[in-house]
Amino acid sequence: MKNRDENQAIQIESNTTLSQRAMGVRQTPYLEDLNSAQRSAVETLNGPVLMLAGAGTGKTKALTTRIVHLMNMNQAWPNEILAVTFTNKAAREMKSRVGAMLGNVGDGLPWLGTFHSLCVKILRRHSEIVGLKSNFTILDTDDQLRLLKQLLRAENIDEKRWPPRLLLGLIDTWKNRAWSPNHVPSGEDGFNGRGVEFYTQYQSRLKALNAADFGDLLLHVVNIFQNNADILEKYQNGFKYILVDEYQDTNVAQYMWLRLLAAKHRNICCVGDDDQSIYGWRGAEVGNILRFERDFEGAKVVRLEQNYRSTPDILAAASGIIAGNKDRLGKTLWTARKDGEKVRLIGHWDGEEEARWVGEDLESYQRGTRGLPAFGLDSMAILVRASHQMRSFEDRFLSIGLPYRVIGGPRFYERMEIRDAMAYFRVAVSPDDGLAFERIVNTPKRGIGEKAQQLINTTARDHGVSMLEGARILLNEGGLSSKASNSLRKLIDGFDRWKNLISNSNLANNTRSEILETLDNFSDKTSHVEIAQTILEESGYTDFWQNDKTPEAAGRLENLKELVKALEGFENIQGFLEHVSLIMENDVSDSTEKVSIMTLHGAKGLEFPIVFLPGWEDGLFPSQRSMDESGQKGLEEERRLAYVGITRSEAVCTISFAANRRVYGQWQSSMPSRFIDELPADNIEVLTPPGLYGGNSSRQDIEFESDLPERAAKADAYNSPGWKRMQIRTSQRFLDSSETPQAVIIDAKVTEKYSISDRVMHTKLGEGTVIGIEGNKLSIVFDSGGAKKVIASFVSHLND
DNA sequence: CGGCATTTATTTTTT
DNA sequence: ATAAATGCCG
């Protein structure tokens with residue numbers, strides 16, 4: 001692939017004769033790689049374009065080719081193209097693909113980046129308009145929370161009743177909608193009616209701290225554009241062409257940002273898939289993409305519908321599911337492929353058995369099975385709805401020694417030790433950073449507890465200075481215990497020393513370029529990497545973890561080492577901090593082949609030959625909470641998640657559900673997901689759960705399915721008696737400990753064996769009395785104390 | 001102030 | 001089940 005791209009790059013040069021170039025005639029060999037829809041999306045350079053790109057239809061290819069085409073046709077210089085993505089990963093990929101096609105034109109596209117990184121770039125130039133200095137710091141969630149807690153504490157708010165997290169969520173939502181404190185509609189105020197009040201306070205604190213949170217990055221820029229026509233015009237003129245990836249995920253603030261910038265040239269090309277909008281809960285507005293044609297009059301809509309990723313059955317299953325949604329722009333995915341297997345469906349007794357079965361099935365694909373070639377573990381993934389589902393798989397894989405990788409856990413820069421270390425760096429670089437100071441003033445423990453910190457805080461506020469200065473004043477005034485003041489003095493001295501080291505180092509760096517290397521040996525500069533090392537050692541932070549005996553300590557020290565190493569790639573510590581605040585991800589390059597375990601959300605944009613979709617049970621998927629909170633809208637988003645999940649698979653897709661599952665330590669039984677009923681029967685193969693008929697999993701049809709001769713012909717076979725019966729039978733087997741298939745009576749309810757006030761025995765919980773019956777669950781008051789709802793099959797009559 | 005016991009809340013997540 | 005957060009006591 002890479003080679004071909006490079007050859008193309010050469011062709012662009014060599015196939016274009018001088019006379020052609022003189023006449024402005026351009027060769028466009030890259031267009032021949034595109035299908036007609038892609039080509040039309042790429043060639044429609046002027047005016048608004050909406051590219052509706054279904055899963056696996058070559059959207060990134062179209063987008064990158066469009067950028068190449070713009071430049072090749074002399075429509076725009078690289079710096080006149082604004083290309084926006086959501087993640088750094090997507091931005092990197094686009095950059096490298098454009099680079100590959102053009103034969104690497106250096107840092108060709110200065111305005112290709114994430115919404116946030118582009119906003120930072122713009123905001124640094126005009127920050128004074130919104131009352132910030134150009135070196136403002138960017139706060140992460142942790143800092144935000146710390147700040148809000150301070151505000152709430154000052155107002156004596158009961159953090160129990162009104163958790164800071166709730167307020168943060170509220171403010172976040174408002175910022176996503178581009179509501180400044182004075183623009184929050186009355187009636188939308190929350191948090192005991194004081195949300196807006198705290199929002200206002202929060203914003204002024206941010207200004208005082210010379211800081212911005214992620215939401216501000218966009219909001220400030222939008223405000224600058226709206227209130228300063230001259231600045232807006234400059235950018236409008238500058239960005240002749242705008243491209244937006246994942247348009248269905250934009251929130252209102254991002255939408256406004258885009259509309260403002262595109263208003264002049266109207267050359268905006270948005271790419272997205274309304275069927276893959278799965279971030280409504282964090283402010284994404286599907287409405288943005290649904291409204292595009294109305295927002296940009298005369299917009300050309302191009303549908304990318306040819307799928308190059310999946311087999312026909314997988315596509316049909318995905319299409320069948322998504323067809324249940326009402327609010328769609330509508331697309332029909334198709335593929336030229338004819339091969340492939342049906343989507344497999346299997347039910348299990350409980351979550352553990354599901355994990356066991358997936359593990360075995362995984363290994364059979366690894367060996368090569370059923371005439372399929374052997375697959376590496378890298379080509380397999382397990383996609384779950386909620387991260388707690390991952391546990392049973394991890395447990396199982398650990399016990400059978402199957403290598404796995406969890407994607408989307410806590411990210412490197414979000415880990416406690418990394419944040420602590422960064423907080424030290426932040427204070428050393430800018431002593432005004434009160435939030436960072438607060439974080440590490442007593443980490444490691446220095447005997448500066450709650451009381452002392454409160455004192456520092458009030459002193460700082462009374463004198464109108466930063467926390468570090470406040471601490472200094474407090475030391476001179478006395479008023480702290482000798483233990484606290486000793487260690488505080490040591491810490492402050494440390495920061496003074498480290499700050500000096502840093503400024504010396506920067507100075508030396510500047511001189512070095514001018515006065516040649518000879519100076520190097522004489523200069524007393526310490527490299528920023530060494531300084532970082534020194535800070536961590538002298539502050540006692542390294543020792544703190546070395547003396548820690550918990551099992552994680554070793555890993556944390558390892559992470560700290562990695563952090564210091566990461567500094568090598570930067571000029572100085574400041575540069576590093578700037579970089580990290582925007583890039584919160586960890587690229588773990590790992591050579592061993594591993595199965596990937598991740599959430600459905602985390603899987604968006606990825607693809608795997610073999611995909612497992614476990615946990616398709618009502619309440620879990622679709623998530624009960626989603627449906628409770630957002631009703632029909634929530635259900636549709638869950639359905640889109642299902643669609644995203646299925647369309648991740650290239651060759652084999654396996655959906656499974658469990659009748660029983662331990663959730664929050666409590667056993668729960670549930671019905672198979674309603675989405676299972678929505679799968680088109682013709683494209684599904686139902687597998688026999690192992691042990692049901694004494695056999696191991698085989699693709700052999702289940703006995704009772706042959707009772708239905710026309711099963712294959714009926715689109716809704718899953719509503720048929722046969723399907724219903726299987727569901728009931730499957731779960732009955734689970735409830736009946738005898739496990740003799742022919743003994744299963746279809747309409748029997750295990751709970752019928754029990755009545756109120758029966759004395760029962762539970763294997764784990766001991767003896768108790770039945771106080772209620774609900775479905776297949778019994779409410780029992782246990783003699784050991786406490787009442788629980790348990791599945792009837794887990795108890796037996798005491799007098800039996 | 002720090003360590004241990006008790007209580008409580010648990011979707012999805014990028015920047 | 002479990003982790004994190006709070007409360008209580010030395």
Side-chain angles (χ1 to χ4, degrees), chain A residues 84-91 113-120 138-141 144-145 149 158-160 163-166 169 172 175-176 212-219 246 249-251 253-254 277-284 351 383-392 395 407-411 413-414 416 442 444-454 480-481 483-484 487 552 579-586 598-605 615 619-630 634 637-638 640-642 644-645 661-668 764:
Chain A
V84 203
T85 64
F86 273 85
T87 64
N88 291 297
K89 198 175 155 204
T114 63
F115 276 103
H116 296 270
S117 68
L118 294 169
C119 281
V120 170
I138 300 163
L139 300 190
D140 61 23
T141 314
Q144 292 179 277
L145 226 43
K149 274 184 192 162
D158 180 8
E159 290 183 24
K160 224 24 179 292
R165 278 212 85 77
L166 188 73
D172 212 50
K175 288 191 174 178
N176 284 155
D213 63 22
F214 285 116
D216 282 344
L217 297 178
L218 272 147
L219 216 44
E246 307 280 17
D249 288 338
T250 48
N251 61 34
Q254 289 156 339
S277 162
I278 54 176
Y279 285 112
W281 51 273
R282 68 174 197 210
L383 312 181
V384 298
R385 173 69 242 274
S387 47
H388 64 249
Q389 289 172 261
M390 295 179 177
R391 241 205 96 162
S392 54
D395 285 351
I407 295 182
R411 279 163 288 283
Y413 290 110
E414 273 171 8
M416 182 197 346
N442 201 30
K445 300 272 186 280
R446 305 192 161 81
I448 304 168
E450 192 79 22
K451 214 184 71 199
Q453 286 184 42
Q454 212 72 65
L480 282 176
S481 71
K483 189 177 157 209
S487 49
E552 303 97 70
H579 170 84
V580 167
S581 56
L582 279 177
I583 303 192
M584 297 290 259
E585 53 186 87
N586 52 338
M598 63 185 101
T599 62
L600 287 163
H601 286 92
K604 192 166 124 192
L620 179 59
F621 187 43
S623 140
Q624 193 58 52
R625 192 155 160 186
S626 200
M627 293 187 294
D628 290 348
E629 281 172 12
S630 316
E637 183 153 313
E638 295 288 307
R640 291 194 289 267
L641 257 185
V644 167
R661 196 177 287 280
R662 216 168 23 193
V663 183
Y664 306 141
Q666 213 82 14
W667 280 98
Q668 271 187 344
K764 289 249 167 63

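As the structure is a computational prediction, the values presented were derived from the model and not from experiment. Here is the naming used below: chain letters follow the sequence lines, and residue numbers restart at 1 for every chain. FYI, side chains are in, hydrogens and waters are out, and symmetry mates aren't considered; it's all heavy atoms of this structure.
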query: Reckon Ser117(A) has a side-chain N or O less than 4.0 Å from the OP1 or OP2 of dT15(B)?
result: no
Whole-Å distance, Lys604(A) NZ to dT13(B) C1', equals 11 Å
Walking DNA chain B from its 5' end, the first of Arg165(A) and Ile448(A) to be reached, judged by nearest nucleotide, is Ile448(A)
State whether the side chain of Asn442(A) and the backbone N or O of Ile448(A) hold a donor-acceptor pair below 3.5 Å, judged by distance alone.
-> yes
Q.
Considering every strand and a 4.0 Å limit on heavy-atom distances, what is the contact class for Lys451(A): base, sugar-phosphate, or nothing?
A. sugar-phosphate
Are Asn442(A) and dC1(B) close enough that a side-chain N or O sits under 4.0 Å from OP1 or OP2? no
Taken to the nearest 0.5 Å, the spacing of Lys604(A) NZ from Thr599(A) OG1 works out to 11.5 Å
Side chain of Glu637(A), backbone of Gly634(A): donor and acceptor closer than 3.5 Å?
no
Assign each of Leu600(A) and Gln453(A) the nucleotide of DNA chain B bearing its closest heavy atom; nearer the 5' end lies the nucleotide of Gln453(A)
To the nearest angstrom, the CD-P distance between Gln624(A) and dT12(B) comes to 16 Å
Just by modelled atom types, is the Ala386(A) backbone N or O under 3.5 Å from a matching donor or acceptor in the Gln389(A) side chain? yes
Taken to the nearest whole Å, CG/Leu641(A) to C1'/dT12(B) is 7 Å
Atom CG of Leu383(A) and atom C1' of dT12(B) are separated, to the nearest Å, by 13 Å
Table of protein N/O atoms under 3.5 Å from nucleotides 5-10 of chain B N/O atoms:
none

Applying side-chain contact (heavy atoms from CB on, under 4.5 Å) to Ser392(A) and not counting sequence neighbours gives Glu352(A), Ala355(A)
Between CG of Asp628(A) and C1' of dT11(B) the distance, given in whole Å, is 12 Å
Across all chains, not counting sequence neighbours, the side-chain contact (heavy atoms from CB on, under 4.5 Å) partners of Ser626(A) are Ser623(A), Glu638(A)
Contacts of Gln454(A) meeting side-chain contact (heavy atoms from CB on, under 4.5 Å) (sequence neighbours excluded), chain-then-number -> Glu450(A)
What contact category does Gln254(A) fall into here, base, sugar-phosphate, or nothing, at under 4.0 angstrom with non-hydrogen atoms? nothing
To the nearest angstrom, the CE-P distance between Met390(A) and dT11(B) comes to 13 Å
Shortest non-hydrogen pair, Ser117(A) vs Leu582(A), comes out as CA-CD1, 3.8 Å
For this session: Just call it for Arg385(A): base, sugar-phosphate, or nothing, with non-hydrogen atoms closer than 4.0 Å on any strand.
Result: base
Ranking dT12(B), dT14(B), dT15(B) by distance to the side chain of Arg282(A), first place goes to dT14(B)
In whole angstroms, the gap separating P of dT13(B) from CZ of Phe115(A) amounts to 21 Å
*Identify whether a stacking contact exists between Tyr279(A) and dT14(B), where the ring centres must be under 5.5 Å apart and the planes under 30° apart.*
no
Minimal heavy-atom distance between Leu620(A) and Arg385(A), with the atoms involved, is O-CG, 3.3 Å
message = Over all strands shown, is Thr599(A) touching base, sugar-phosphate only, or nothing at heavy-atom distances under 4.0 angstrom?
response = sugar-phosphate
Taken to the nearest whole Å, NZ/Lys445(A) to P/dG2(B) is 6 Å
In DNA chain B, consecutive runs of at least three Watson-Crick or G-U pairs below 3.5 Å, as range with range, amount to B:1-10 with C:1-10
Sorted by chain and residue number, the ring pair (Phe, Tyr, Trp, His ring centres under 6.0 Å) partners of Phe86(A) (sequence neighbours excluded) come out as Phe115(A)
Item checked: OP1 or OP2 of dT14(B) under 4.0 Å from side-chain N/O of Asn88(A) -> no
**Asked** Touch check for Ala452(A), heavy atoms < 4.0 angstrom, all strands: base, sugar-phosphate only, or nothing?
**Response** sugar-phosphate
